[in-house]
Amino acid sequence: MMNLGRTHLALGQSEQAAKVWQRALGMLEQQGREEEAGRLREQLQPRTPTAPPTADGR
């Protein structure tokens, strides 16, 4: 899911990227993956759209 969001962002489709990342956030929360969910929440804060961190935290 994260990569799909990055692809949308690269294509200039920031709204679609945010939708994908919101869905990913819900999945992370359901799975109890709070550390990853927290990083994604930070990325979803209103500001200039950027890709969420990769699995290694970058």
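Scanning both residues, Gly5 and Ala17, for their nearest heavy atoms gives O-CB, 3.3 Å.
The side-chain heavy atoms of Arg41 and Trp21, taken from C-beta on, include no pair separated by under 4.5 Å. The shortest side-chain heavy-atom distance between Glu35 and Arg39 falls under the 4.5 Å cut-off.
The structure places CD of Gln43 at 12.0 Å from CG of Leu25, a figure rounded to the nearest 0.5 Å. For the atom pair CE of Met27 and CG of Leu40, the computed distance is 12.0 Å after rounding to the nearest 0.5 Å.
Gln16 and His8 share no donor-acceptor pair across their side chains, judged by distance under 3.5 Å alone.
Around the CD atom of Glu15, the shell of radius 6.0 Å holds no more than 12 heavy atoms that belong to other residues, nucleotides or ligands.
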